[in-house]
There are 2 protein chains.
Amino acid sequence: MALQLEVSLATEKKEKPDFNKLGFGQIFTDHMFVMDYSEGKGWHDPRIVPYAPLTLDPAAMVFHYGQSVFEGLKAYRTRENNILLFRPDKNMHRMNVSNERIDMPQIDEAFVLEALRELIKIDQDWIPSAPGTSLYIRPFMIATEPYLGVRPSHSYKLVIILSPVGAYYAGGMKPVKIHVESKYVRAVRGGTGNAKTAGNYAASLKAQSEAKVLGYEQVLWLDGVEGKYIEEVGAMNVFFKVKGEIWTPALNGSILDGVTRNSVLQLLRDWGLPVHEKRISMEELQQAHANGELEEAFGTGTAAVISPIGELNWNQHQMFINGQEVGELTMKLYDTLTGIQYGEVEDKFGWTVKVL
Amino acid sequence: MALQLEVSLATEKKEKPDFNKLGFGQIFTDHMFVMDYSEGKGWHDPRIVPYAPLTLDPAAMVFHYGQSVFEGLKAYRTRENNILLFRPDKNMHRMNVSNERIDMPQIDEAFVLEALRELIKIDQDWIPSAPGTSLYIRPFMIATEPYLGVRPSHSYKLVIILSPVGAYYAGGMKPVKIHVESKYVRAVRGGTGNAKTAGNYAASLKAQSEAKVLGYEQVLWLDGVEGKYIEEVGAMNVFFKVKGEIWTPALNGSILDGVTRNSVLQLLRDWGLPVHEKRISMEELQQAHANGELEEAFGTGTAAVISPIGELNWNQHQMFINGQEVGELTMKLYDTLTGIQYGEVEDKFGWTVKVL
Ligand SMILES: Cc1ncc(COP(=O)(O)O)c(C=O)c1O
Ligand SMILES: Cc1ncc(COP(=O)(O)O)c(C=O)c1O
């Protein structure tokens, strides 16, 4: 049975914010996409409606047992006033990978992407145009059945909301200071690390807060089994340039398969650079640093695209990287990726999808 | 500043369900307790209001980053028509332990317990009286701030809802078949296993579903580091009687500090039985079983109180316990604990709290 998208437009539109003062994820557009799932019936009533609160029974399972997955991607306004998405099929697919792990129903990836395109068209005036700004897109899916037994919910809601966001590097690109976490663990093999599910983020907050007190902006997670091997940063995958070669942790089941990570790997290989997806111990990285071989380090993720790492703090080791300057490769990756995203650089991999 | 509880009663009461056909956690009473937290202001507006849906912005952080903790306890109607709570201070305290781990604000345990007593008094007609029935109490706390950045929320809601529940062993006590989980992991040291937080339960669903397909009712989790040591069952701690001695996994940071577990330990020690809180490997347990030394096994939790385990399936080993019959000690613990809870057995530890 084919799903039919219904559209009901807001009669009153919100006032637009000052597009020069956008932060992240606090302002939302006039509309949202909603679709319901019920056992037996499947997905039904896909609709674009005015942005409004969700009304849920206090016993709705998402509040109690955290059945919840989400995605994050962006729409970019080009100089020619086109609107581009960056590899949105990857996000739709990853949502289904997360759904599988959290025992939630699969979505029709193509249909939801089509609905997203419609939503963006309707709220296109909300997409800012200043360099580095974009429209952040947040699809999420939650368990709605009012029931306190521990089992998968029989009903769900898929929602997509949109938020105009400012440039991540409004004050210029600045390397971050990162605390390597030895006390708390975010994920372990056999767990939910490779799913984009709510609980992973709840589990990470305490470590982030403690790192902040120590003066660090982010946390680098180590593996949950031995506490030795590098996993990922809060909302970014990580890369290291060591003696001209590039290392990144392999997809081992406990880290997220980042869309930016995947794109960076393709670019690096296209450029003929030696890339190793492998298990990387902090010991090994610290040794490389001590030998003066750690040339650059950066995180990759939708929010920042590329985030240079200027300092890593691991137990007694305070490791400064590249004199806390943005590295050459880091910069080239940032310029190339954002260039493709904003339609300024040739998209030879066919990554962008034109909405308008 | 002392909090003042406001009460607004429902003008229309719901029809009571058939108290002989109560299930678990699907029917809710006429009222609920709600209290709000906002940064700077702290907890405010504690109130008992008619049971009603929660209205939350789609960007409310609980949906995305799973900042959510909960508790579960029961109120019991005695033969003399008194209403008793069982060690509710333990649940209030554990909620704060969970809050700490998930970086959520602490609650005033005494105040919330007092508010709960008021709520129960107001909805006392909802407490069933048939043997084994009770009123299940679900306090939970969720992040409500509409913001997509990953950091602790600046606002929260604490809610308590009540649900009359049927006897767990309506058809008589029957030993459960349990699958020992070797593929999925629920928690690891440094993670959130000892917090009663939503994400832990989301992480457990897939394994439960797969075990169900194999014909098992529950999953026994092993440690996340080595996959060797016994942790707990989905919503129960576990105990084993081996050659007259009682073993239970020690509180190692990755299992829940169960109120029932704690009570069972006190009873066993009071009875002069040798009790060992220790690290228990499946290997060791299987060996004891092979030697005919594993005499009884049972789970402990608020829902079932004591749940006899009749079969454990671990890799190739299908271990039947006590001829799949309810063991003598298992039965004695069940009778004693439920006897205390329903006011039929002397409460020598001062565990029960009279509401009415
Ligand atoms: C835990 C985690 N790792 C990595 C990433 C980077 O993934 P992507 O490049 O798809 O944004 C994110 C953010 O989305 C994340 O939340
Ligand atoms: C994971 C887990 N372990 C153990 C228990 C048993 O704890 P309690 O005896 O406090 O109900 C529960 C249920 O509350 C639980 O959810």
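Proteins get letters first, then strands, A, B, ... in listed order; numbering begins at 1 in each. Any value given below was found using the heavy atoms of this structure, including those in side chains, with hydrogens, waters and symmetry copies removed.
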Highest number of heavy-atom pairs under 4.5 Å with chain B among A:Ala203, A:Gly199, A:Ala60, A:Gly72 belongs to A:Ala203
- Side chains of A:Leu56 and B:Leu54 in contact at under 4.5 Å (non-hydrogen atoms): no
The interface call for A:Phe70 against chain B, heavy-atom contacts under 4.5 Å, is side chain
Looking only at heavy atoms, the pair that brings A:Leu148 and B:Phe28 closest together is CD1-CE2, 3.8 Å
All heavy atoms of A:Ala202 vs all of B:Ile102, minimum pair found to be CB-CG2, 4.1 Å
So, the part of A:Ala143 with a heavy atom under 4.5 Å from chain B: the answer is neither
Residues passing the side chain to side chain contact (heavy atoms under 4.5 Å, CB included) test with B:Val112, sequence neighbours excluded, are B:Met35, B:Met92, B:Ile107, B:Leu158, B:Ile160
Turns out that what part of B:Ala52 lies under 4.5 Å from chain A's heavy atoms comes down to backbone
Max heavy-atom pairs within cutoff under 4.5 Å with chain A, candidates B:Ala235, B:Ala198, B:Gly66, goes to B:Ala198
When the 4.5 angstrom heavy-atom criterion is applied to A:Leu205 and chain B, the contacting part is both
Looking only at B:Pro53, B:Ala59, B:Pro58, most heavy-atom pairs under 4.5 Å shared with chain A are made by B:Pro58
Please report all inter-chain donor-acceptor pairs (under 3.5 Å) between chain B and chain A, with distances to 0.1 Å.
residue  : atom : partner  : partner atom : Å
B:Gly25  : O    : A:Leu148 : N            : 3.0
B:Tyr51  : OH   : A:Asp57  : OD1          : 2.5
B:Leu54  : N    : A:Leu56  : O            : 2.7
B:Leu54  : O    : A:Leu56  : N            : 2.9
B:Leu56  : N    : A:Leu54  : O            : 2.9
B:Leu56  : O    : A:Leu54  : N            : 2.7
B:Asp57  : OD1  : A:Tyr51  : OH           : 2.5
B:Phe63  : O    : A:Ser68  : OG           : 2.5
B:His64  : ND1  : A:Arg138 : NH1          : 3.0
B:Tyr65  : O    : A:Ala202 : N            : 3.0
B:Tyr65  : OH   : A:Arg138 : NH1          : 3.2
B:Tyr65  : OH   : A:Arg138 : NH2          : 3.0
B:Ser68  : OG   : A:Phe63  : O            : 2.5
B:Glu100 : OE2  : A:Lys206 : NZ           : 3.0
B:Asp103 : OD2  : A:Ser209 : OG           : 2.4
B:Arg138 : NH1  : A:His64  : ND1          : 3.0
B:Arg138 : NH1  : A:Tyr65  : OH           : 3.2
B:Arg138 : NH2  : A:Tyr65  : OH           : 3.0
B:Leu148 : N    : A:Gly25  : O            : 3.0
B:Val185 : N    : A:Gly190 : O            : 2.8
B:Arg189 : NH1  : A:Gly224 : O            : 3.1
B:Arg189 : NH2  : A:Val225 : O            : 2.9
B:Gly190 : O    : A:Val185 : N            : 2.8
B:Ala202 : N    : A:Tyr65  : O            : 3.0
B:Lys206 : NZ   : A:Glu100 : OE2          : 3.0
B:Ser209 : OG   : A:Asp103 : OD2          : 2.4
B:Gly224 : O    : A:Arg189 : NH1          : 3.1
B:Val225 : O    : A:Arg189 : NH2          : 2.9

Okay, A:Phe24 and chain B: the region with an atom under 4.5 Å from a heavy atom over there is both
When the 4.5 angstrom heavy-atom criterion is applied to A:Met32 and chain B, the contacting part is side chain
One option among A:Ile161, A:Val159, A:Val34, A:Val165 has the most heavy-atom pairs under 4.5 Å with chain B, and it is A:Ile161
